[in-house]
Each structure stands twice: as structure tokens, then as C-alpha cells.
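The structure appears right after this line, and notes come after that.
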Amino acid sequence: MSTQPAETHYEAAYMSLMTGQKEMDFCGPHVPSNLVLIGNHAFPLAMNSQGQVLMAASVYGRGRIVVLSHEGHFKMFPAMVENAVKWLRGDGSDDLPVGVHKNVTAVADSLRESSFRVDVVEGFSSKLTVGVYVTDAYSVSADPKELVAFLKAGGGMLIAGEAWSWAENHPKENALHHFGGNKVSGVAGIYFSEHPAEMERLSVSPQIPSSWMSVVIAKDFEDDLEFLLQGVPEFDICKESVLSEVLVHGRLAFPIGTTEGGQVFLAGAYYGQGRVIVISHEGLLKQKKMAPFFRNAIEWLDEGRKGVIGFAPGLGDAFALSKESNKNCTTTHFRDDLSVFVCTAYSDKHKDEIQDFVAEGGGLLIGGHAWYWAQTHSGENPMTDFSGNKILNKMGLSLLGNTISGGSFNAPVPSRPTKDTYHFCRLLHRFASHVNMGEQLTRHELKCLKKLGGDCSNFLRMNAHNCCSYEQVVSTLTDILKKSGMPQVCDSCPVKSAKDHLLLHVGTEMYKVCPNPDALLPFLIKDNPLMPAFFNSRIQINVNTKGGEEWISTGLYLSPGMKTYMSMPSVLLNSGWKVQIGCHTDKLKNEELKRAPCVSERFPITAEMMLVRNLWGGLIYLVAPPKTQVQGVQVTVQVAVPAPYYKFGVTTAADWSVLRSAPAPWAELEFENIILTVPSDVIRTLDHPDELASRWNAIMRAIADLAAIPHKFPRKERFVCDVQISYGWMHAGYPIMAHKPAAVNLVRMDLETDDLWGPIHELGHNQQRGCWEFPPHTTEGTCNLWSVYVHETVLGINREKAHPNITAKNRNKRMKQFAKVGKKLSSWMMWMALETYLQLQEKFGWDAFKKVFAAYHEMSNFPGDNKGKMNLYAETFSKTVGMNLCGFFKAWSWPIEAATEEKLSDLPPWADHPMVQFD
């Protein structure tokens with residue numbers, strides 16, 4: 001789990017800067033500006049009751065900066081100024097004088113009284129030899145590059161001023177980039193805004209001040225959208241395109257292109273003195289229909305410099321399209337003399353240089369998606385590990401694993417009221433106002449709360465604990481949860497409202513990242529009784545994973561919020577092994593929730609002693625990576641609750657008489673080739689698990705027989721019951737998931753006719769192979785071959801009694817219906833498709849199928865399309881049974897080719913097949 005240091009270096013800096021300050025009186029004649037903070041390094045020093053920042057500090061490169069929101073604060077807070085100069089000196093500059101601009105000579109006099117060596121100067125230049133430079137925000141030179149270079153190289157800067165009066169005199173100018181002080185402080189993520197701040201007498205907080213009121217958008221972006229959307233009424237994106245969703249979370253970031261559901265695929269942001277635009281698929285950079293927007297975008301990013309636009313290698317088509325309207329384009333790797341750099345999100349090779357390039361005034365146009373990366377990097381965190389996000393996160397933008405399908409999307413109306421558009425910061429601030437102040441949310445805001453919950457979860461996964469803006473959100477969400485609590489969701493108390501969805505999302509993620517999860521736990525889980533625990537349980541590990549990633553049961557459980565330490569052998573460290581808490585791995589997106597959307601948690605094994613916990617508790621597993629062999633090693637679990645756990649061939653009857661009463665709410669029964677995870681209540685009265693084991697062992701051997709695979713599965717199947725699953729009554733996978741009521745049928749010995757049809761249907765799904773599957777026709781059909789086979793050969797139940805859909809009456813009815821609609825392949829689905837295979841079985845027996853499946857095990861280079869695969873299957877089955885089946889398959893409307901018929905022409909035809917009657 002995430003751990004944070006007791007004190008970040010920003011907190012240490014804050015304490016140094018505020019030494020001796022008990023109270024700060026901002027009431028007076030000087031009306032300050034509200035300071036806007038962005039990025040990873042800026043942090044507030046003084047914040048009023050409205051969440052407005054009046055003093056702030058940051059770092060840039062090797063240097064430090066302190067910003068005061070009015071030059072009058074130099075005189076008002078001399079002790080603070082002295083602390084600031086000491087901190088700004090950093091290490092190694094004590095012997096250098098403090099340079100003070102002539103317009104603030106009063107600061108020089110005050111510092112001299114405190115024994116600082118001070119030089120009053122006409123202005124800053126690179127020739128000055130000073131460790132700290134003090135100035136007002138209006139005396140920054142027209143070209144502030146020298147000051148930025150000084151700061152970046154390790155200098156310290158103290159700057160004070162306000163921008164609201166400047167903005168009144170320059171109504172058409174962008175204060176963020178054009179106000180003098182912002183040309184330097186903005187590079188470090190601190191801006192003088194055009195909004196005045198409330199003046200108050202403030203008590204100095206012992207920690208960096210925080211307020212839910214500070215989580216607000218700092219600009220309306222109307223002028224930016226007007227510029228960007230000139231001549232762009234809509235975004236017409238190729239329907240075949242699959243884009244990522246963009247999370248717009250920065251106070252100076254804004255959405256540009258969104259779906260009707262509010263998902264963002266195109267966004268922009270201010271960062272430092274530069275700008276950035278992200279498009280969530282690089283292919284859109286070369287689409288001619290998007291060219292008008294990208295012309296505007298490059299001009300917006302260039303900011304009138306008319307500089308060189310550099311396209312990264314690999315974007316040749318985008319370069320060619322842009323070259324048609326802008327002759328300053330070139331293909332190049334990143335270099336810092338460009339005006340705008342255009343690249344993809346798939347490399348972070350020049351991450352730091354690109355961030356500095358934008359901060360110091362450059363423009364960045366970046367395209368790419370994260371969904372494919374997320375799908376192919378299971379267990380990794382896209383928010384922190386995906387290359388594009390390593391560049392974008394601190395700019396207030398992030399690419400998510402969520403997908404957006406292409407289509408035509410209306411461009412936003414720049415003048416549309418902001419309350420009608422979704423923005424993460426705006427809605428989080430509004431929701432906090434709703435919880436803390438009782439303010440009513442609009443209908444649109446209520447509609448967006450569910451999305452806000454998902455966005456909060458993704459935002460929190462950035463784990464940016466050394467970033468003050470991240471901690472401001474963490475603090476805000478903590479306050480919300482403590483004020484409102486979290487819904488106590490369960491199967492008898494489901495939640496439906498968007499607000500409850502949000503709280504479940506946020507509560508789950510907050511527990512992982514908050515500084516003190518134990519203090520937050522009572523607000524999240526109300527009824528959490530203590531359970532008796534085992535201490536120093538030793539788990540023996542003997543693993544040979546031939547069949548992919550494998551969960552290893554421990555027979556131990558953690559109750560909600562319970563933490564434990566686990567001692568790991570060195571052979572498991574940093575080799576792909578993980579600890580998993582919880583077996584319920586389905587992620588829910590249902591409108592009605594009977595549990596939280598995500599209730600399991602994984603921890604990579606990277607240390608010999610690990611602390612693990614999960615808000616929702618759960619059974620403890622060790623997760624072995626594929627192709628791993630480990631024998632005779634031991635894991636020790638410091639404290640955990642015992643769970644009912646039966647392992648065939650290991651657990652004795654005497655053991656079981658005790659274990660079945662173990663207090664954990666979930667039990668596991670591990671047999672030869674399958675592990676059943678069920679509510680403990682259903683096994684409390686299971687007297688003879690050995691008899692149940694015999695039946696499941698026979699079922700799994702039968703499944704292997706029909707699939708023509710060895711009786712010992714490369715990986716035991718898992719069947720997990722849950723209060724709610726992601727789709728269906730059951731679904732296949734590892735594990736197979738089912739709703740909780742199905743557990744009774746899994747462990748009962750007095751079976752009815754259809755009690756196990758569903759479970760074996762899902763086991764059949766896990767045996768399906770793409771080479772002989774023809775989706776969507778057979779997806780829900782061929783898996784039922786295993787259900788029929790097991791019922792007849794193991795359970796002794798005739799197919800007519802195994803399931804009502806395969807009685808003779810219903811089978812005949814379907815065949816007639818197929819013929820009536822013209823024998824269309826489009827109607828050959830599910831039970832209709834199964835009928836084809838049942839007819840083959842009734843003619844040639846189960847052995848024919850076993851031989852066919854065995855033949856496929858020996859093949860390679862399969863066709864990729866249904867037509868090719870169907871012809872191969874017809875050929876394979878015909879050769880296996882020594883009979884030409886082309887006529888039979890054609891009667892079922894299979895697209896049998898002349899070449900296939902020619903290959904099988906020497907075999908006798910199946911002339912009297914069941915479909916002849918419909919010719």
C-alpha cells in the first residue's frame with residue numbers, strides 16, 4: 001500500500017518560513033491578489049477563510065521562490081520576509097549578498113538591521129552576484145529569461161505585488177502570461193490572479209494550510225475556447241477510432257472536446273508560461289477533418305511568436321498536413337529552441353526537458369491513448385506508470401484507461417455558463433459546498449456526481465503525496481467523508497444515487513492514500529466487529545505455474561480495515577509475485593450497487609516485510625506470476641482471521657470438524673482441479689467434503705476428457721461467489737464469477753436437474769478456443785457441449801432433463817423456425833448453434849469431438865475469420881469421422897467453399913442428416 005513520510009520537504013519548508021509567526025493581520029489598506037497555485041511544487045503559506053492564497057512558495061529547478069500577494073506585505077510582515085530570505089538562500093549562498101530592487105529599498109533597510117548583506121540594484125541582470133533577489137512584481141524586466149535562469153540555477157527570489165489593478169487597466173490582456181510578476185513566478189506554478197482576495201486576520205496553521213474552498217478553477221477559458229474553436233462547429237472523428245478519456249484535473253486545465261456523456265477526448269491547459277493541448281489518439285493529428293482545429297491549436301500554442309513547430313519523428317502524416325498551412329514546420333526530435341513541439345504520449349525520454357520547455361513559455365501538442373497500455377500492463381498504474389502521464393500529470397491533465405468510441409461531437413459553446421459544463425475541480429468544489437454548507441446542487445451537477453466519483457478515484461491513484469495540490473484534494477475528500485460518511489452498502493441495502501456511487505468510489509480510494517487510514521476507518525465502515533485471529537501463520541509455497549498467473553490460497557482472512565505484516569522469502573521479491581486481499585475482483589459499473597465497485601487489492605512483493613490492508617477486507621492470497629517454479633519456501637502472516645479452508649488430500653476429517661467453524665465469512669474448498677469460494681454459511685453443515693470432492697474431481701476429469709487435455713489442469717479453475725458481479729448470472733474467466741445464491745448448488749449433494757448446468761456452462765466457456773469458435777454465433781453455444789457431456793457421463797442426467805431448452809420438443813421447434821426464416825446464418829445463434837453440434841454428437845458420438853479437439857491441439861496457423869475457421873472445422877470433423885459433412889454444414893448455412901468440398905469429395909456424404917427434411 002502507499003505510505004507517506006511523516007513530513008514532506010514542503011512541510012519542513014513551511015515550518016521554516018513560518019517560524020515565529022502566530023498570527024498574520026492582512027486587514028489594512030493593501031488589497032491583495034488571490035494567488036493561483038498549480039503544478040507539483042507550489043504550496044500556500046497563508047490562506048484566508050475563503051480558501052484564497054495570500055502567500056505562497058515553490059521551487060523551480062535548483063532554486064526557490066516566495067510570492068507575496070501585495071508589495072505592502074514587505075512592510076507588514078518583516079519577520080516573514082526575514083524567514084523567507086533565510087529559506088531562499090538554501091544551501092551554500094550565505095556568503096552572497098541579497099539583491100534588492102531600488103523600488104523596494106525599505107526591504108533593504110529592514111534586512112540590514114537583521115545583519116543581512118544587501119545590495120540595492122537598478123534591476124536584475126545575469127552579471128549580478130547575489131544569492132537572493134527581492135523585487136516587486138511590476139519591476140520584472142520585459143524579458144524575464146535572465147531571472148528564470150537565475151532561479152533555475154539555484155537562486156532565490158522574493159517577489160510581491162497584486163495583479164487585479166493591472167487587469168482593470170488591461171482588460172483585454174491575459175494576466176496569467178502578460179502580467180510582469182507572472183512571467184517569473186508562473187514558471188514555478190504561482191500566479192498573481194486578477195481577482196482580489198478577502199482581507200482577514202489569520203491564525204498561522206502548524207501545517208501547510210488547506211481548505212476545500214481552494215479547490216476551484218482559476219480561469220473561465222472563454223477567450224481560449226473562442227480562439228481554438230474558430231471555424232470548428234464539431235469534431236468529426238473516424239468511427240473506427242478508439243480514444244482514451246482525458247481527466248482534466250488542473251486549476252488551469254480545461255476541456256475542449258467532450259462526448260454527450262461528458263467524457264473528454266481533447267483538452268488544454270496553462271502550465272508555467274506555456275500551454276499544452278492533449279488529443280487522446282495520435283491518429284487524429286493526421287485526419288483532414290480535424291485540420292482546422294489543429295491549425296488554431298498550433299497558433300494558440302505559439303502565442304504569436306511565429307516560431308518553429310517541431311513534429312516528432314513518426315508523425316510524418318501530421319507534419320505534412322500542418323505544412324500545408326504553416327511553413328515553419330519541421331520534423332525533429334525534441335529541442336528547446338522550438339516554439340511548439342508536437343509528439344505522441346508513448347515516450348517520456350525527454351520528460352523533464354519538455355516540462356521545463358512548456359513552463360518557460362513553449363507550446364506542447366501531444367497525442368496518444370492509454371487504454372491499450374492499461375490493457376497490456378495488468379497490475380500497473382496508468383496514472384503513474386504510463387509515459388504520457390509522466391509528462392502531463394503535473395500540467396493538470398491525465399490520460400485514462402477508459403475508452404471513447406469515435407463519432408461526431410459538437411464543439412462546446414465558449415459563452416455557455418460554466419455551471420452547465422463538467423470540470424473536475426468545479427464539481428468537487430460544488431460537492432464540498434453541498435456537504436459542508438448544505439448548498440443545493442443543480443440537476444446537471446447531480447447527474448455528474450457518478451462521473452466525479454470515478455474521476456476522484458483516478459486522480460487519487462496519482463499518489464502524488466509530495467504535491468500540495470494533490471494533498472489539497474485529499475484533504476477535501478477527507479473532510480467530505482468525515483462529514484457525510486460512506487453508505488453502508490450490502491445486498492439488503494443497495495445504493496442507487498449518484499452521490500452514494502461517488503462516496504463508495506472515493507471512500508475506497510481514500511482509505512489507500514490518506515495519511516491516517518485508521519482514523520478514517522470509522523467513517524467508512526460502521527459495523528466492524530472484532531474476530532478471533534491467528535498469529536504468525538506459516539504458509540508453505542510449492543508452485544509450478546504452467547497455466548498463467550495463479551492465486552495461492554492461504555486459508556486466512558483480513559476483516560475490513562484490518563492490517564497485517566507479511567514476512568517474505570527473498571526468492572519472491574521483485575519477481576512478479578503479489579499479495580492479493582479479496583477474491584471478489586469484478587469491477588462493477590452497475591446503476592444499483594450491492595457492494596463497492598472495487599473491493600480487492602493487490603500489492604507487489606518488493607520487500608521482505610510488507611504491510612498489507614484492504615478497506616473491504618478479504619481472503620489473503622499469494623499471486624504467482626506465469627511460468628514460475630518455487631518449492632519449499634515459507635511466508636509468515638503476522639496476524640489474520642482463520643477461514644474455513646478444505647484442501648483435498650491434505651485436510652483430514654478431524655481438521656475439517658474444526659475448520660468449518662472458522663470465523664471468516666468466506667470459505668474455500670480446493671479439489672484436484674477446481675477451487676470453490678463460497679460464503680462460509682453454506683459449508684457450516686457440510687459433513688463430508690470428501691464426497692463433494694469426489695464429485696467435483698469427476699466433473700473436472702470429464703471436462704478435461706472432452707477437451708482432449710490431461711486430467712491435471714495446468715492451473716486449477718476457480719469459482720467465486722459474490723454479492724454482485726459485473727455482468728450476467730455467472731461469467732467465465734479466472735476466476736469464474738457467480739452471484740451468492742449459486743453457492744448452495746455448488747456444494748449440495750442432492751442435486752436437481754439444472755443445479756449445475758450454469759457452473760459447467762462457464763467451465764465450458766473456459767475450454768473454448770478461438771480456432772474453432774465462430775463469434776458471436778457459437779459464443780453461448782459450444783460451451784454447452786460440456787454441460788451436456790458432464791450431465792450425461794458424470795451426473796447420470798439425460799440431456800432432455802438436463803435443461804428445458806434441449807428437450808426434443810424445443811429442439812424440433814427451433815429447427816423448424818430456422819428453416820422458416822430461410823436458414824439464415826444470422827439466426828444461427830446460441831441454442832440454435834448448439835443443435836448443430838448435438839446432431840453431430842448423436843450421429844458420431846462424443847469420441848468424435850474428443851478427436852476433433854485433439855486434432856486442433858496439433859494444428860497451427862489458423863484462419864482469422866469465421867468463414868475460414870468454419871471451413872477448417874467442417875474439413876477437420878469430416879476427416880475425423882470419415883464422412884463428407886459439407887452437405888450437413890451447408891444445410892445449417894455455413895459458408896462452405898468449393899475448395900473444401902473438393903478436399904472431401906472422396907469421402908462418402910452424410911446423406912440422411914437431420915436437416916434433409918428442410919431441403
Side-chain angles (χ1 to χ4, degrees), residues 10 33-45 47 51-61 64-67 69 148 151 159 163 174-179 181-195 197 208-211 213-221 224 246-255 267-278 301 351-352 354-364 366 383 389-398 423-426 428-429 459 462 464-476:
Y10 295 115
S33 276
N34 177 27
L35 301 178
V36 175
L37 276 53
I38 68 165
N40 281 18
H41 304 300
F43 58 99
L45 301 175
M47 181 183 292
Q52 296 172 314
V53 178
L54 305 177
M55 293 180 176
S58 186
V59 299
Y60 185 68
R64 298 173 175 181
I65 185 170
V66 172
V67 180
S69 58
V148 172
L151 181 64
I159 183 170
N174 187 329
L176 294 177
H177 280 187
H178 298 157
F179 176 66
N182 285 338
K183 294 178 182 180
V184 179
S185 66
V187 173
I190 304 175
Y191 299 88
F192 299 89
S193 82
E194 66 267 34
H195 303 293
I208 294 175
S210 177
S211 169
M213 292 185 179
S214 69
V215 186
V216 292
I217 302 176
K219 192 179 186 300
D220 63 16
F221 305 107
D224 301 288
V246 181
L247 174 59
V248 181
H249 54 82
R251 295 182 63 195
L252 290 176
F254 59 100
Y270 285 75
Y271 181 69
Q273 279 295 289
R275 296 171 172 180
V276 59
I277 284 180
V278 59
L301 293 168
K351 172 178 70 72
D352 295 335
I354 290 173
Q355 288 168 342
D356 287 354
F357 166 73
V358 178
E360 293 172 25
L364 176 66
I366 184 168
M383 295 297 290
N389 288 337
K390 293 179 182 179
I391 297 172
L392 290 168
N393 281 351
K394 64 168 59 176
M395 299 180 180
L397 301 165
S398 301
H423 191 292
F424 174 77
C425 286
R426 179 187 296 115
L428 179 57
H429 179 266
F459 177 87
M462 283 196 294
H465 296 286
N466 224 10
C467 169
C468 191
S469 60
Y470 178 87
E471 289 299 332
Q472 290 278 357
V473 174
V474 169
S475 176
T476 298

Any idea which heavy atoms bring [X] and [Y] closest together, and the distance?
X: A42; Y: G189; answer: CB-O, 3.6 Å
X: G396; Y: A253; answer: O-CB, 3.5 Å
X: Y60; Y: A359; answer: OH-CB, 4.0 Å
X: A175; Y: E194; answer: CB-OE1, 4.0 Å

Can you find a side-chain donor-acceptor pair between [X] and [Y] that sits under 3.5 Å?
X: H249; Y: S398; value: yes
X: E471; Y: H465; value: yes
X: Q273; Y: Y191; value: no

Atom pair [atom1]/[atom2] of [X] and [Y] - distance to nearest 0.5 Å:
X: I208; Y: Q472; atom1: CD1; atom2: CD; answer: 8.5 Å
X: R275; Y: D224; atom1: CZ; atom2: CG; answer: 5.5 Å
X: R251; Y: I38; atom1: CZ; atom2: CD1; answer: 9.5 Å
X: S185; Y: F179; atom1: OG; atom2: CZ; answer: 8.0 Å
X: N182; Y: L176; atom1: CG; atom2: CG; answer: 6.5 Å
X: C467; Y: F43; atom1: SG; atom2: CZ; answer: 12.0 Å

What I'd like to find out is whether the side chain of [X] reaches to under 4.5 Å of the side chain of [Y], using heavy atoms alone.
X: V36; Y: I190; value: no
X: K219; Y: N174; value: yes
X: C425; Y: V216; value: no
X: M395; Y: V278; value: no
X: L397; Y: L247; value: no
X: L54; Y: M47; value: no
X: V53; Y: S214; value: no
X: I65; Y: V59; value: no

request  = Apply the test side-chain contact (heavy atoms from CB on, under 4.5 Å) to residues L364 and I391: give CA-CA distance (whole Å), side-chain angles for both, the deciding distance (0.1 Å), then the verdict.
outcome  = CA-CA 11 Å; L364 176 66; I391 297 172; 4.2 Å; yes
task = Could you walk me through whether V473 and L428 pass the side-chain contact (heavy atoms from CB on, under 4.5 Å) test, one step at a time?
result = CA-CA 9 Å; V473 174; L428 179 57; 3.9 Å; yes
Taking [X] for its side chain and [Y] for its backbone only, find out whether a donor-acceptor pair lies under 3.5 Å.
X: S210; Y: S475; result: no
X: S69; Y: L35; result: no
X: N393; Y: M383; result: yes
X: Q355; Y: K390; result: yes
X: H41; Y: G61; result: no

message = Under the criterion side chain to side chain donor-acceptor pair (under 3.5 Å), I'd like the reasoning laid out for H177 against Y270: C-alpha separation, chi angles, the key distance, then a yes or no.
response = CA-CA 9 Å; H177 280 187; Y270 285 75; 5.8 Å; no
request  = Evaluate the side-chain contact (heavy atoms from CB on, under 4.5 Å) criterion for residues M55 and V66: first the C-alpha distance (whole Å), next the side-chain angles of each, then the deciding distance (0.1 Å), finally the verdict.
outcome  = CA-CA 8 Å; M55 293 180 176; V66 172; 5.9 Å; no
request  = Please assess V248 against F424 for the test side-chain contact (heavy atoms from CB on, under 4.5 Å), listing each intermediate value before the final yes or no.
outcome  = CA-CA 6 Å; V248 181; F424 174 77; 5.8 Å; no
request  = Check the pair F459, Y470 against ring pair (Phe, Tyr, Trp, His ring centres under 6.0 Å), reporting the backbone distance first and the verdict last.
outcome  = CA-CA 8 Å; F459 177 87; Y470 178 87; 5.4 Å; yes
